[in-house]
Each structure stands twice: as structure tokens, then as C-alpha cells.
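In what follows, chains are A, B, ... by sequence order, proteins preceding strands, each numbered from 1.
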Amino acid sequence: MEEKNIKISNGVNKELPKSYNPQDFEDKIYEMWEKSGYFNPDICVRDGVCAKNAKAFTIVLPPPNITDKLHLGHSSMLAIEDLLIRYHRMKGDRALWVPGTDHAAIATQNVVERKILKEEGKTRHDLGKEKFLKKVWDFVGVTQATILKQTRKMGASLDWSRQAFTLDEPRKAAVRKMFVDMYKEGVIYQGERIVNWCPRCHSTLADDEVEYKEQKAKLYTFKYSSDFPITIATTRPETKLGDTAVAVNPKDDRYKKYVGKIFEINFAGIPLKIKIIADRNVDMKFGTGALGVTPAHSMVDWQMAEKNKLPVIKVINEDGKIHDGFGEYSGKDVLTARKMVVKKLEENGLLEKEEEIENNLSVCYRCGTAIEPLPSKQWFIAVDKKIKRLNNKSLKEKAIEAAKKGKIKFIPERFTKKYLDWMENLHDWCISRQIWFGHEIPVWYKEKEIYVGEKAPEGIGWYQDPDTLDTWFSSGMWTFSTLGWPDNFQKGKKAGDLADYHPTQVLETGYEILTLWVSRMVMMSEFALGEIPFENVYLHGMVLDEHGKKMSKSKGNGIDPIEVIDKFGTDAVRLALLIGNTPGNDTRIFEEKIAGYRNFANKLWNISRYIITNYELRITNYKFDFKDLTLFDKWILFQMRNLIMATRDDLENYRFSQAGERLREFTWGDLADWYLEVCKFEKNSSKGQILSVILNDLLKLWHPFMPFVTETIWQEMENKKLLLIEKYPELDGYKEILAKTNNGDFYPEMLLIQKIITAIRNARSENKVEPAKKIKTVVYSKIEEYKKLIKDHEIMIRGLKTGISELEIKVKGEKIAGAIYAVVGDIEIYLIGAVDKEKEKERIKKEIANLEKVISATENKLKNKEFVSKAPKEIVKKEKEKLASWQEALEKLKEQMK
RNA sequence: GGACGGCUAGCUCAGUUGGUUAGAGCGCUGCGUUCACAUCGCAGAGGUCACAGGUUCGAGUCCUGUGCCGUCCACCA
């Protein structure tokens, strides 16, 4: 067939290249999409791509931290979300995907702090707040630009006209409004709490910023004083200067009699009032079973103190030294003070035991300094407070209810439990942070006055709260702050984007922030709008390296998305991330895997190239009026219809990997290896049109997975419209065709032909017959229909690498000696004149052994009366049929061995 | 300490409600370059589904227990 010149989309006449080179097309294609405006659903409505009243399908992109460029985990997130968005856009939904980035307060501040320390040898305090923040904003500008570029590289069809940043002006206004509303409602309050304090960095740390270091420590067992009845144990005697209670387990008979009593004692020279309290969290078996309660310097003790209304005595100050008012200890650092206290105890004969134990020391993840838990004034969100606007339910209750009632579904389902466990144990949420970069707290002070409002108060002498808000406060508002809240929410009514796109349909994010982020979003949305933020939460796993290790810069095992995109193409990277893993599970990725999908993209390219060059005239002719349909035509259309059905079902149920594998199997197996090969030998008037239909729908099905190569091919096919906004394949046309073929009654015939071809190839290969050698082939069959079937498909059978020189079809003849033998059910095949007797014998023996094994297993099954009586009739019938056909084949093979 | 996940071919992983001889990709073995593709084609080898019980006519799949690996949470005074 002569090679034709194909018009490429840019108008230049040229031949399609032999292999697909992503770099030649990807950027151009993305530009086309972006310029078209169809990433924006409003433009789609305007141009009739989707109906005005079409269902909305909204995803807000989990905003990547601007601390660094994107890694493969982000790529995975983008691939999944883009798949969903493209699928729904093609289905005709008003698909909106909102882009943005996260200021990631603490993380960003730390990165910049480290950077200036390294580059200029300065701390943030050296620079001062204003200069330091300028440095941060410079940094943000750079990384943000990189992130946005990378996101486009992934092919993400985000609506850039709605781009947001968690710390831009609209979001700042939203945060202020939220804070003030919550404050007015009494949900936000100021209170004291133990925070993780790093005495070196002079800052609080979030719980997840604390690291634990295994170490050996000394556990001291002692009495406060000789007149105190209970012995306690501690690794930190110096903090005991601030003890206000001793806690024991309420079931502990040793101490029951003391519970409720107060002892006034002198501990190492300092007078203390100690109350004996009962708390079921005290482990009777650890140490002496009694715990000295130091409310100011232990999270757990603080909680006990609150419950029991105990006084709080601060022992250690912000520099990690003993506070004033502790006599000789004041001003000493904790280690010195510890030695002094222990010495005192020894002198007074109060120290009973000193032993080495293993324990976990909390240290600052930045500098490794031991953390001091200290009480400090912070802002909180009350999660248990009943709120009027929530029908007297608390934020916690609303968030739990949403999951329990199934308003919010989790994928995979097991994360529902994790979400609920976390929610049920949630304490008030501390939202203030002692850092500079972040949302300012809309609170002003003037001597003893306090003002909370969206704008600074009038008058002189007011100063703003120096703290900033936890980054999750603003990202918790992400689903609605990006859709125009609060402007779009007046008098309790949604308007604009908020009315059109909220609640969103899917929140797709990593399972590691289920608790940190997802839970907060639910509470914030319930408070602000009285509705859930999203209907489904799809959780993906982590992207790990080949050996299952986390990718990290320090280990140097990370794969840079841009590098692999340059090497293998975006589509290949996307497929490698989408296929071969399941929701909520981690996935390993390495270059060989990506290379495999690069090969696949090329395969699809070549399939298309073949169809386009050979059937060019009919390629855009998408019509289901075929004049004549052969067995294989019916089969491929049947397979295609099943594929469309299954893919839709898979995508609706978030089985992306399965959908991808199925598509791959059809494309490479059914279409390339069988149907296209058939087309080379079987000519009929419908072929071009069938191929046109198949390729059209196949490209559409693949588009959400591999947007670039599919769009490129689509454009090569001289389509005026973008594949991006094509309608997703429907079943209508296929249904008609199928009705005409009695819903697939041709299927067994098709399988028979396939089996005959495979059997011949196999027999030749095992006998080491050179592929080029043509052999006379004789086929026996008692069944008249089969004979006709084979006769009708002779050209095709001969064409498909069976190396037949002459094909003879007989009813039944004598066994042909010295020939290669194969059997397919009733059909016997002899390949004459190329037998390798030893190999042939071996092969038949192997097949006999194989058959005998399955036959005996099946016979036993059918002998079992209970199986026959209790199993469904269908299953039993199937087993019987199988057995019969195996037995027939076995007999024939045995005949050959004689 | 608590919760969750994994354990299926040499490697990476699928396996939807229990029911053909348990699948795929990569890798491996043999053969193959004439007209879509060597980023390819054809054929093949390779698994007692971690282990032990149980339910069932029937278990990779459901239940109980054990082991190993991993993750998250809580952290011991």
C-alpha cells in the first residue's frame, strides 16, 4: 500500500514519524487547550460544550506547599484529578478544577530561615520582621512560578482563571471574616495550653514537628519529703518543683486511702501543696504506680490539672532555665538544676532508687534541642461547643455526623474509621503560631482592652496580636474561599461560583493529611456554610522508590517529575502513576516502569498511524452503518462496546488502574495483535469505517489517561474540534450492531479460529520450524459447520503467521504419521513434513499430562454428590462440558502416541 | 501500647459480590527484520496465593489465630 502524506494540525504536510516523540507535541498541545478556554466550565457552557444546567463536577486542587518544586507525589495527584476532570468534562458535566498553592506557614518560614542562615549567616531576628518577610515573599515568587510551570507540564486541565493562593488578598479577607465570625459565636477563644517549645529556636512547634529520639535516661525513685506517704518516679526531678498533685490509679488499693487528701510539704527546700488525685490513665505497674503531676511542663499532667482544677506552677522559662522564685535553683539551666535536686534528695535520704531506662526524648526537628513543654497563651477553636447556627451541635458532632450518615464517602472505605477515630478524640484546636509568615490574627490590644474585627480599630495605642494562624486554618477553608466566600454568601444564601460549584464532588488527596486537613475542611465548611465541603474523599498513597523507600533529597533516591517527563513523556509518567496501584495504597515507581508506558504510547501512536495511512478517507467518518460484517468485525465491535461499558463503570467507581489495564489489553491485544493483523488479510467494504469508529472511541477512552498523545493523534486526523471537549463514547451505535448479531453468538466461533491459529503457531514453534518455512496443513473435523467456518476464514488463518502452504479440510481421515499434531476440541490439525520426532513426542506427552491432571480433578468434583446437588446448575453444567471437551482432546492425543 | 495496611511468578503489582487449568507488565528462554511499530512480533518457562485452623459442595477471596514487613497515632511518668 502506498504511503500517503498526512496533514499535520499546524498545516504542514508531512509524514507521520515512525515513533512518537512527546517533546515535539506536548507544549504545543497544552497551549492549544489553554488558549481554547475550555478548562473553564463557563466557557464550555457559553460554547455549548456542556449544557447550562449540566451537573457540576468540582475538584479543588489540594494546594501544593510553596516550599519546594513538585515531586512525583504531586504528579500522581495531578494525574488522578486530571483523569477525573477530563472524564467528567467529556461526559458533559460542568467540570471545574480550581488551582492554587499553599503558603505553608511554618514550613516555608523554616525553609527561608535555613536559607538565609546558610547564605548570609543571619537569623530572622537579625533581619527583623519586615526584611525577613520580604525575603519570604521573594522566595514564594520563585517556587510558585516553578510549581505552576510543572503543573502545566503534567497536562493538568485546571481552570487557571480561578487560580488562588492561601495567602492572597481574597483569602486574607476570608480568613479574617471567618475568625471574627467564630469569635463572635464563641467558637474561638483565648486560653492557656502546653505547647512544644524549643528554647534554642525560641518558637513553638506543631506536634508533627517534634521528633523523638531513643535515649538512655535515669529514672529516679524518691519521696518529696520524709513525711509524704507515697513514693514517685521521674526522669526529670527538677520539674517536680512545680508539682501540685500526685496521681494514682483509682483501682490501686495501695493508695486508695489517700485520694482527695492534700499534703503540705517541703521538697528540696521549696514548699509544695500536693493533692492526691485518681486518674485511670495512670499505669499501676510503671514505677511506683504513682505519678507526680507537673501541670506546667507536661501535656498529660496539664490535662489532669484541668480536670481536677489544680493550680499551675511554672518552673522553667522560655530560655530553658528555672524561673525566679525557686531560691538557689532560679536561673540555673535544667540539667544543673536536676543535679542539684538529686543531690538534695540524696542528702536527705529520700532517693530510693536510680536506674537506667530507655525513653523517648522529644527534640526539635530543626536543631535537635530537647523540647520544653511550656504553658502559653494561645487562640483555640472549641470543637465541642454547641453552636446555635448548627442547631446546637458542635463542630465535632457535625463532622462526625457527615461521615456517619454517609454524606461524605471515603475511598477506600476503611478511612472512614480512621477519620471517625480521629474526630472522636479531637481536642480543641490551637490555631495560633508564634511565627511571622502567615495570616495575621485580626485581634488588637490596647492595655487591657481587646478588639476583634476584620479591620484595625480606630484610635491610637492599639497593637495587633503578633502571632499568625495555623496554616490549616486557611487551607481548611479552601473549598469555599476559592469559590468567592464570603462575598458569594450573603444572608445565608449562596451565589455565583459558590452556588454553582459547592459542595464539591471529590476531594482527592494523600491519606497522610486525612486528619490534618480533611477533618478541618469539614468543620470549617459546616460552620461557614452549614454544608459539607465535598461528597467524596479519594485518598491516594505515597509514591515510593523501587525498594519501597520514601523518596527524599537527602537519600538521593528521588525522581524529578520533569526529568522523567523529558525522557519518557508526560503520558508515560501519568500511566505509570495511574496503573498498577489501588486507592489508599503506596506505589513504587522507577524508570523501567515509565519506559514501559512510553512504549505503550508509541504503540498507540503506531496503531493510529497504520489506520490513518491506510484508511485515511474514512477516518473521520463516525457512522454505524456497516454494509457487511465479518466474524472479526463483529467481535471487535463487541469488545469495544464491552470496553466502553466497563471503563465507564470503573471510572465511576474510582478503579482507575483497572480501567487502564483493561484499555491497554484491548488496545495492544485485541486491536493491535488480532484485529489489525486480520485487517491485513481480510478485505471488505466496512473495514475503514469500523476502524474509524474504533479509533475514534478508543482515543476518547484513553484521553483522560493520556491527554497528549491522544490529542496529538486526534489533531493529525484533521479534527477541527479538540479531543478535550469531545463527547465520551456512548453505547447506542454498538447496541444496534449487537442486536443484529444476536448479542454476540459469534463469540465461540471467533474463539475457535483464534485457538486454531494459536495451536498451529505453538506446534510449529515447539518443533523448531523456521517461521519462513511453509507447510502443508490438513484439518479434520466431524462437524460440518466448523469445516465451513475454517474454509471461510482460510485466507485469514493463512495470513496470521501460521506458515501454511496448502490447507486441506476433511471430515475425518486416517492418522497421518510423521506429522506435527495439534488438537482444538473436535478439530484435529496435522502439519506435514517438518516434524522433529523427539520434540513432538515430548510436547504431546506434556499436553497429555496436563490434561490428565485437570480431568481427574474435575472428575472428582463431579463424583462429589454434594457438589452436584448443592452447586448452582450452571456451574455443574459448565464443569461437565469442560470435562467432555478435555476427554475428547485427551483421547486424540493418546491416539497419536500409539 | 493502640489502630490500619501488606505478604500472590525472579521483580513491581492486579484479582469487584467465594465458582473455567490464579492474571498482567517488566525480566528470563527460544525463534523472527518485506510494506504501523525492534519503544516490535510469535512461542515458552515460571506460583503448594506467608503459616495454622475453621465455615462451605467449593476459599487467593469469608471467619479465628500466628509470624514477618510497613505506616499512622499515643507516648510512660
Side-chain angles (χ1 to χ4, degrees), chain A residues 1-3 16 18-20 207 212 219 232-236 247 281-283 285-288 290-294 298-301 357 359-360 362 412 414-415 417-418 421-422 425 511-512 514-515 541-542 546 548 568 572 579-582 584-590 592-593 595-614 649-650 653 655 657-658 661 664-665 672-673 676-677 680 758 761-766 768-772 800-801 850-851 853-855 857-858 861 864-872 874-876 878-879 881-882 886:
Chain A
M1 202 157 289
E2 71 173 335
E3 187 88 3
L16 287 180
K18 264 179 90 168
S19 56
Y20 173 65
D207 289 345
Y212 294 94
L219 182 70
I232 58 164
T234 184
T235 51
R236 300 199 58 188
N281 290 323
V282 176
D283 183 354
K285 282 176 228 132
F286 189 91
T288 61
L291 161 68
V293 180
T294 321
S298 153
M299 219 71 94
V300 183
D301 294 7
I357 58 159
N359 85 343
N360 264 332
S362 340
R414 66 169 188 273
F415 284 104
K417 181 172 153 40
K418 193 173 177 188
D421 282 353
W422 160 270
N425 292 314
Y511 61 72
E512 72 276 9
L514 173 70
T515 51
M542 275 186 305
E546 197 170 359
F568 303 107
I579 298 180
N581 77 57
T582 39
N585 289 331
D586 296 343
T587 182
R588 300 183 190 195
I589 198 157
F590 34 94
E592 290 86 336
K593 204 172 186 175
Y597 291 108
R598 184 265 323 266
N599 296 356
F600 177 72
N602 185 57
K603 186 75 183 181
L604 182 63
W605 172 263
N606 271 292
I607 287 168
S608 310
R609 183 162 85 106
Y610 176 76
I611 297 175
I612 291 169
T613 43
N614 287 289
D649 190 54
D650 283 341
N653 291 292
R655 295 186 297 254
S657 176
Q658 189 166 298
E661 276 180 56
R664 186 188 187 286
E665 214 175 290
D673 292 344
L676 288 186
E677 292 304 315
K680 290 175 185 171
T758 309
R761 287 171 178 171
N762 175 351
R764 289 175 59 109
S765 178
E766 299 267 306
K768 305 276 174 219
V769 180
E770 294 159 45
L800 293 184
K801 294 178 180 147
N850 228 340
L851 279 171
K853 209 172 75 186
V854 291
I855 284 171
T858 311
K861 214 183 217 179
N864 185 339
K865 277 178 193 153
E866 284 195 283
F867 170 71
V868 178
S869 64
K870 286 187 182 168
E874 264 175 69
I875 302 284
V876 179
K878 259 191 202 167
E879 291 292 317
E881 283 169 3
K882 268 178 351 194
W886 288 333

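Contact annotation: A:Lys18 side-chain N/O to B:U39 OP1/OP2 distance is not under 4.0 Å. Put simply, A:Arg588 has a side-chain N or O that comes within less than 4.0 Å of OP1 or OP2 on B:C13. Phosphate proximity of B:C40 to A:Asn599: present, with a side-chain N or O under 4.0 Å from OP1 or OP2. At least one side-chain nitrogen or oxygen of A:Arg761 sits closer than 4.0 Å to the OP1 or OP2 atom of B:A43.
When all heavy atoms are compared, the tightest approach of A:Asn425 to A:Asp421 is ND2-O, 3.0 Å. Taking each heavy atom of A:Phe867 and A:Ile875 in turn, the nearest pair found is CZ-CG2, 4.0 Å.
When both distances must be under 3.5 Å, the Watson-Crick or G-U wobble mate of B:A43 is B:U29. In this entry B:A22 has no Watson-Crick or G-U wobble partner, no candidate having both defining distances under 3.5 Å. Nucleotide B:C51 forms a pair with B:G65, judged by Watson-Crick or G-U wobble geometry with both contacts under 3.5 Å. Using N1 to N3 plus N6-O4 or O6-N4 for Watson-Crick, or N1-O2 and O6-N3 for G-U wobble, each under 3.5 Å, B:U71 pairs with B:A3. Under the Watson-Crick and G-U wobble criteria, each requiring two contacts below 3.5 Å, nucleotide B:U56 is left unpaired. Nucleotide B:A36 forms no Watson-Crick or G-U wobble pair with any nucleotide shown, as no partner meets the under 3.5 Å limit on both distances.
Within the nucleic acid shown, A:Thr758 comes within 4.0 Å of sugar-phosphate atoms alone, with no base atom in reach, counting heavy atoms only. Backbone-only engagement by A:Asn585 is indicated by non-hydrogen atom pairs under 4.0 Å involving sugar-phosphate atoms exclusively. Across all strands, A:Glu512 comes closer than 4.0 Å to no nucleic acid atom at all (heavy-atom distances). Using a 4.0 Å heavy-atom distance criterion, A:Lys853 is classed as making no nucleic acid contact. Backbone-only contact: A:Thr235 has heavy atoms under 4.0 Å from sugar-phosphate atoms and none from a base. Residue A:Ala595 is classed as having no contact, given no heavy-atom separation below 4.0 Å to the nucleic acid. Counting non-hydrogen atoms under 4.0 angstrom, A:Arg598 reaches a base of the nucleic acid. Residue contacts for A:Lys768: at a heavy-atom cut-off of 4.0 Å it reaches the sugar-phosphate backbone alone, with no base atom in range. Note on A:Lys603: a base of the nucleic acid sits closer than 4.0 angstrom, heavy atoms only. Counting any heavy atom pair closer than 4.0 Å across all strands shown, A:Ser657 reaches no nucleic acid atom. The residue A:Asn653 sits apart from the nucleic acid: no heavy atom pair falls under 4.0 Å. Within the nucleic acid shown, A:Arg236 has no heavy atom closer than 4.0 Å to any nucleic acid atom. When heavy atoms are screened at a 4.0 angstrom cut-off, A:Gly596 is found touching no nucleic acid atom at all. Using a 4.0 Å heavy-atom cutoff across all strands shown, A:Val868 reaches no nucleic acid atom at all.
Counting to the nearest Å, the P atom of B:C26 and the CD1 atom of A:Ile579 are 12 Å from each other. A:Phe415 has its CZ atom 13 Å from the C1' atom of B:C73, to the nearest Å. B:A24 atom P lies 13 Å from atom CG of A:Asp673, rounded to whole Å. Note: CD (A:Glu881) to C1' (B:U21) measures 16 Å, nearest angstrom. B:A59 atom C1' lies 14 Å from atom CZ of A:Phe867, rounded to whole Å. One can place OH of A:Tyr597 at 24 Å from P of B:C37, the figure rounded to the nearest angstrom. Computed from coordinates, the A:Asn606 CG to B:A38 P distance equals 7 Å when rounded to whole Å. Atom CZ in A:Arg609 sits about 14 Å away from atom P in B:C40, given to the nearest Å.
A distance of about 26 Å separates the C1' atoms of B:C69 and B:G54, rounded to the whole Å. Comparing the P positions of B:C7 and B:G15 gives a spacing of 10 Å, expressed to the nearest Å. Using P as the reference atom, B:G5 and B:C63 are 11 Å apart when rounded to the nearest Å. Distance check on atom C1': B:C31 versus B:C68 gives 43 Å, rounded to whole Å. Taking atom C1' on both B:C13 and B:C49, the two are 13 Å apart, rounded to the nearest angstrom. Here the separation of B:A14 from B:C62, taken at their P atoms, is 15 Å to the nearest Å. With C1' as the reference atom, B:A38 and B:G10 are 24 Å apart, rounded to whole Å. Using atom P as the reference point in both B:C57 and B:G18, the two lie 15 Å apart (nearest Å).
A:Thr582 and A:Asn585 form a side-chain donor-acceptor contact under 3.5 Å, judged by distance and modelled atom types alone. One side chain, A:Asp586 or A:Tyr511, offers a donor N or O that lies under 3.5 Å from an acceptor on the other.
Scanning atom types as modelled, no donor and acceptor separated by under 3.5 angstrom connect the side chain of A:Lys801 and the base of B:A43. Residue side chain A:Trp886 reaches the base of B:U21 through a donor-acceptor N/O pair under 3.5 Å, judged by distance alone.
A:Lys861 is not listed as a side-chain neighbour of A:Val868, based on a closest heavy-atom distance of 4.5 Å or more.
Under the side chain to side chain contact (heavy atoms under 4.5 Å, CB included) rule, A:Ser657 has a single partner from A:Ile579, A:Thr587, A:Asp650, A:Asn581, which is A:Ile579.
Comparing B:U21, B:U71, B:C57 by their closest approach to the side chain of A:Tyr511 singles out B:U71. In the set B:G15, B:G41, B:U21, B:G15 carries the atom at the smallest distance from any side-chain atom of A:Gln658. Between B:A43, B:C72, B:C37, one nucleotide has an atom nearer to the side chain of A:Glu766 than all others, and that is B:A43. The side chain of A:Tyr610 lies closest to B:A36, out of B:C42, B:A36, B:U21. Distances from the side chain of A:Arg414 to the nucleotides B:G19, B:A77, B:C4 place B:C4 closest. Taking only side-chain atoms of A:Asp421, from C-beta outward, the nucleotide of B:U39, B:A3, B:C4 with the closest atom is B:A3.
In this structure, A:Lys603 fails the cation-pi test against A:Phe600, since its NZ or CZ atom is not both closer than 6.0 Å to the six-membered ring centre and inside 45 degrees of the ring normal.
Electrostatic pairing of A:Glu881 and A:Lys878 does not count as a salt bridge here, judged by no charged N lying under 4.0 Å from a carboxylate O. Remark: A:Glu661 does not engage A:Arg664 in a salt bridge, criterion side-chain N to carboxylate O under 4.0 Å.
Closest-nucleotide positions on RNA chain B for A:Ser608 and A:Asn762 were compared, and the one nearer the 5' end corresponds to A:Ser608. Residue A:Lys861 is the one, among A:Lys861 and A:Leu291, whose nearest nucleotide of RNA chain B lies closer to the 5' end (criterion: closest heavy atom).
Residue A:Glu665 places its CD atom among 12 or fewer non-hydrogen atoms of other residues, nucleotides or ligands, all under 6.0 Å distant.
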